[in-house]
Amino acid sequence: MGIRKIDKYQVVNRFSLGKCMYDTSDYIYIQEHDPIHGEPQKVFSASKEYVTDISSEIYLSLCQGFVVLIDE
């Protein structure tokens with residue numbers, strides 16, 4: 001299994017995920033989807049601590065108005 005990329009996102013609308021509340025201007029990290037092995041995406045906090053796994057549906061919902069990808 002290859003290494004999956006982890007992208008940095010900025011929170012633009014407040015939401016809760018994995019018993020954590022994320023406010024505007026917070027940052028989170030989301031590991032890319034693994035369609036071959038069906039592995040869930042992992043979410044990490046700004047301090048790079050593991051928060052929770054999310055489904056592709058939740059990821060798509062987050063990208064529709066809750067988080068914005070940060071290009072580094």
Side-chain angles (χ1 to χ4, degrees):
M1 177 166 76
I3 297 174
R4 296 186 296 174
K5 184 172 91 171
I6 298 176
D7 293 315
K8 183 177 183 179
Y9 293 83
Q10 182 173 9
V11 176
V12 293
N13 277 319
R14 187 178 222 199
F15 66 93
S16 175
L17 183 67
K19 298 183 182 180
C20 294
M21 179 63 77
Y22 297 97
D23 208 348
T24 57
S25 300
D26 285 346
Y27 293 97
I28 63 171
Y29 296 87
I30 303 175
Q31 189 175 37
E32 72 180 343
H33 178 67
D34 181 3
I36 296 170
H37 298 98
E39 295 284 328
Q41 293 174 263
K42 297 186 183 315
V43 178
F44 301 89
S45 67
S47 60
K48 299 182 181 172
E49 294 178 21
Y50 171 76
V51 177
T52 190
D53 291 347
I54 59 172
S55 66
S56 296
E57 292 82 16
I58 293 174
Y59 171 74
L60 292 174
S61 295
L62 288 175
C63 290
Q64 294 178 352
F66 291 95
V67 296
V68 175
L69 178 64
I70 303 296
D71 290 326
E72 293 189 335

Transitive ILVMFWY side-chain link Ile54 to Phe15, under 4.5 Å: yes
Nearest-0.5 Å distance that lies between atom CD1 in Ile28 and atom CD1 in Ile6: 12.0 Å
Donor-acceptor contact below 3.5 Å, side chain Asp26 vs main chain Val11: no
Validation row: Tyr22, Val51 side chains within 4.5 angstrom (heavy atoms): yes
Heavy-atom side-chain contact between Phe66 and Leu17 under 4.5 Å: no
Lys48 to Phe44 - nearest heavy-atom pair and separation: O-CD2, 4.0 Å
In one Ile/Leu/Val/Met/Phe/Trp/Tyr side-chain cluster, 4.5 Å: Leu60, Leu69: yes
Met21 to Arg14 - nearest heavy-atom pair and separation: SD-CG, 3.6 Å
Verdict with supporting geometry, Gln31 and Glu39, side chain to side chain contact (heavy atoms under 4.5 Å, CB included): CA-CA 10 Å; Gln31 189 175 37; Glu39 295 284 328; over 6 Å; no
Shared hydrophobic cluster for Tyr27 and Ile30 (ILVMFWY, side-chain gaps under 4.5 Å): no
Heavy-atom closest contact (Ser56 atom, Gln41 atom, distance): CA-OE1, 3.8 Å
Over all atoms of both residues, closest heavy-atom pair of Val67 and Val12: N-CG2, 4.0 Å
Same apolar cluster: Tyr9 and Tyr29, side chain cutoff 4.5 Å: no
Pairwise distance OG1(Thr52) to NZ(Lys42) - rounded to 0.5 angstrom: 9.0 Å
